[in-house]
Protein chains: 2
Amino acid sequence: MSMMNMEWYRIFLHTARVGNLTRAAQELHITQPSVSYAIKQLEEALGVKLFDRLSKGVALTSEGRTLLDYVEKSFTLLDNGEKQIASLRNYASGELRIGASGPIIKHLLLTPLDELRSQHPNVRIRLFQGNTADIRTRLVEGQIDLGFVHLPYVDPELQIKPLTAIQGCFVVGPAYKELARQPITPADLNKLPLLFLSRGSHTRQFIERWFAEQGIAVEVDMELNSSEMLVELARHGYGAAYVTRSFVQQELRDEALFELTTTAPIPERFIGVATRSSASLSLIADHYMGLLSATF
Amino acid sequence: MSMMNMEWYRIFLHTARVGNLTRAAQELHITQPSVSYAIKQLEEALGVKLFDRLSKGVALTSEGRTLLDYVEKSFTLLDNGEKQIASLRNYASGELRIGASGPIIKHLLLTPLDELRSQHPNVRIRLFQGNTADIRTRLVEGQIDLGFVHLPYVDPELQIKPLTAIQGCFVVGPAYKELARQPITPADLNKLPLLFLSRGSHTRQFIERWFAEQGIAVEVDMELNSSEMLVELARHGYGAAYVTRSFVQQELRDEALFELTTTAPIPERFIGVATRSSASLSLIADHYMGLLSATF
DNA sequence: ACATGATATAGATCACCTCTATGGCTATTG
DNA sequence: CAATAGCCATAGAGGTGATCTATATCATGT
C-alpha cells in the first residue's frame, strides 16, 4: 500500500536523466521548486536519499541508481501500454475475430472487410468458419467478436442485428437460355442437371428442404465447395446452379447467366450479425459493424 | 507526455481484479464515487472504455484487458523497486565494496565486518585488495564504497577519516628469548635472520626506510606473503619477524613470541578510511563506517 | 411493486501540488 | 577577493482536482 505518486516518479526519472533540477523543471514545464519538492517527498516516502546535491547539479546515490532501474522499466511498460491503447483507438493495431456460418456469408462480409483492411492494414483479421452452434459457443466464450448467422435466431446470451436478406435462385448458362422465358415447375427443374453446394452447407440443406416441400426428391448432379465453381460450370452449360442472387448480379446483367423463375417462390433467407449481449464490442469490431451497416 | 495519474492506475488495477467498484473502493479505503470518478478520468484520458458496466459489477473490455497486462507488469516492477529500496534501508540486501591497501589492514576491518555480516547476512561484501593508487582510482570511479589507506594521505577527491594507529614491532620465538631482555640496536637486529613481508608491500617499504634512516642496509633472509606465515616461522626460531603488534598480541601474552625493543623507536603508522568526497555513502557503507568508529 | 446491490452524478470540502519570491551555497571570473 | 552566475532549498500564497456525503439511477430477483 505504497503512498507514492506517479508524478514524483516521473520527476525523479527525468531529473535522474538530466542530473539537474532546474533543467529537469524546464523540460517538464514546471518550476524548479516543484521538482525540488517532489524529490523531497519521494525521498521521505521511501526513507532514502536518492540524489546527492552537488554544486553543479544532482547525482544519483547508490540507492537512487537502484531505484532508477526499476522506475525506468516500469515507465517504459506503462508507456507501451498507453501507446498500445492509442493504436487500438486508431485501429492501427488489434484484431478483429469473425465467425461465419457458411461460404455464402463470405460474400456479405468481404466487402466491408476489404474496406477495413485497406483503411487499417495493421488490424489483424481472424476468420473462423463454423456452423451456427460453433459460432454461438465461440461468441459466448469470447473467442470471436462477432458472428454471422442465419435468421431467425434467438439466444438470451447473444444480441442479433439483422443485416440483409439473401435470395437464392437458379441460374443457367446461355445454352439453357430459353428456359428462362417462363416460370419453371420444381419438377421440371429437377429434370435439369442440378449444381449445388456440398452437402452439409446450410444453403444446400435449405434448397433440399424447399424441394422436399414441393414434394420432389431432388437429384443432384454436381456438388461443389464454392459458389464460384458453381457459377463457372453453370456458364458453361453444365446445368442449373442454385446460388445467391446478389452473387451473380453482374453475370445476370451481362447475360452470361440467366435466372430461372420458379412457379413456387423460393423464400428469402435473412442474415444477421450476432454479438455477445453482456460484453461490449472491441473498438475494431464496433468499427466493422459500422461498415457493415453502411454496406447494407 | 502522458497526463496519467498513478492513482488512476492503481484504482484501475484493483478494480479490474475484483470486478466491482464498490468492493474495490472498500479495499482501497476510499469511497465508491472516488473509484467511479477515477476510472472515468482514466477512460477519458485514454479515450477508450475500459470496463463494461454490468448489473453485477464491472468487466474489462477488450481494450481494458490489453491495458491491464501492461499495468500489472509495470506495477509489479515498481513494487519490486520499492521493496528493494526498503530492504536496502534495512540492510537486508545490497553490497558493501571495500578496498584495502595491504594485508595488515584486514585485521582492522575484519572485526567490524564480521559484526556486519552476522547482523545483516544478506549484505554482499566485496573486498578488493590493491595498493593506495588502485584504491584511489576505484574510489573516484565509484567502484568501491570505501578504502583503507595509510596516513598521511591527502587528495581533493577523497575524504579521509583517521581510524587508528598501528605499531609495528620485531618478534622472535623462544629460541631468541634472551634478546628480548634489553633494547637492541638496529645494527644488531640486522645481524639476526630477518623475516619480512614481500617486497612491494607498504609495510616492507616502511621498515626498509626505517633501517635506512638508521644508516643500515638491511639484509632480508625470508620474505613471505602473509603475516601468518611470518609469525609461524618466527615461533619456530627462524629469526625476527616484523609484524603489527596488535596482530601478535595473543602470542606475546602466551609467551610463544617475544618482542624485541629497539634502541631507536619504530614510529607508529596511522590508518584511515577514505571515501569519495563528492558522492554520499550508500546506506550500508555508512552503517559500516559507524561500526568502524565504534570499534576504534 | 419492492428490496437489493450495483454505478453515476452533484456539489462542497480540503489536501497538496505548484507557483512566486527569496535565501544560501559553491564555483568561476575579472 | 569581491562579484557574478548557477544551482538547490525553503516559505508562504493560491488554485486545481481528488475525495467526500448525499442522492439519483438502473438492473435483477422476489
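Labels below follow one simple rule: chain letters A, B, ... track the order of the sequence lines, proteins then strands, and each chain is numbered from 1. On a predicted model such as this, the values are computed, not experimentally measured, just so you know.
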* Salt-bridge contact A:K49-A:E43 (side-chain N to carboxylate O under 4.0 Å) -> no

Short heteroatom pairs, N/O only, protein and nucleotides 3-13 of chain C, under 3.5 Å:
from: C:dT7; atom 1: OP1; to: B:L21; atom 2: N; distance (Å): 2.6
from: C:dT7; atom 1: OP2; to: B:T22; atom 2: N; distance (Å): 3.0
from: C:dT7; atom 1: OP2; to: B:T22; atom 2: OG1; distance (Å): 2.5
from: C:dA8; atom 1: OP1; to: B:R53; atom 2: NE; distance (Å): 2.6
from: C:dA8; atom 1: OP2; to: B:S36; atom 2: OG; distance (Å): 2.8
from: C:dA8; atom 1: N7; to: B:Q32; atom 2: NE2; distance (Å): 3.1
from: C:dA8; atom 1: N6; to: B:Q32; atom 2: OE1; distance (Å): 3.1
from: C:dT9; atom 1: OP2; to: B:K40; atom 2: NZ; distance (Å): 3.3

* Using the test ring-ring contact (aromatic ring centres under 6.0 Å, His included), find all partners of B:Y153 that sit at least two apart in sequence or belong to another chain. => none

* Structure fact -> side chain to side chain donor-acceptor pair (under 3.5 Å) filter on B:Q205, not counting sequence neighbours, yields none

* Structure fact -> When rounded to whole Å, the NE2 to P distance for the pair A:H29 and C:dC19 reads 12 Å

* To the nearest angstrom, how far is A:I11 atom CD1 from C:dC16 atom C1'? -> 13 Å

* Less than 4.0 Å between a side-chain N and a carboxylate O, is that true for B:R17 and B:E72? -> yes

* Take the protein atom CG of A:D52 and the nucleotide atom P of C:dC25, then report the distance between them rounded to whole Å. => 18 Å

* Excluding sequence neighbours, so at least two apart, what forms salt bridge (charged side-chain N to carboxylate O under 4.0 Å, His left out) with B:R136? -> B:D155

* Asked: Hey, where on DNA chain D does chain A first and last touch, going 5' to 3'? Cut-off is any atom under 4.0 Å from a heavy atom.
  -> D:dC7 to D:dT10

Review item, side-chain donor-acceptor pairs of residues 64-71 of chain A, under 3.5 Å, at least two apart:
from: A:R65; atom 1: NH2; to: A:L60; atom 2: O; distance (Å): 3.4
from: A:T66; atom 1: OG1; to: A:S62; atom 2: O; distance (Å): 3.1

* Structure fact -> One should read off an interatomic distance between A:L139 CG and A:R97 CZ, to the nearest 0.5 angstrom, of 9.5 Å

* **Carboxylate-amine/guanidinium contact A:E7 A:R10, below 4.0 Å** => yes

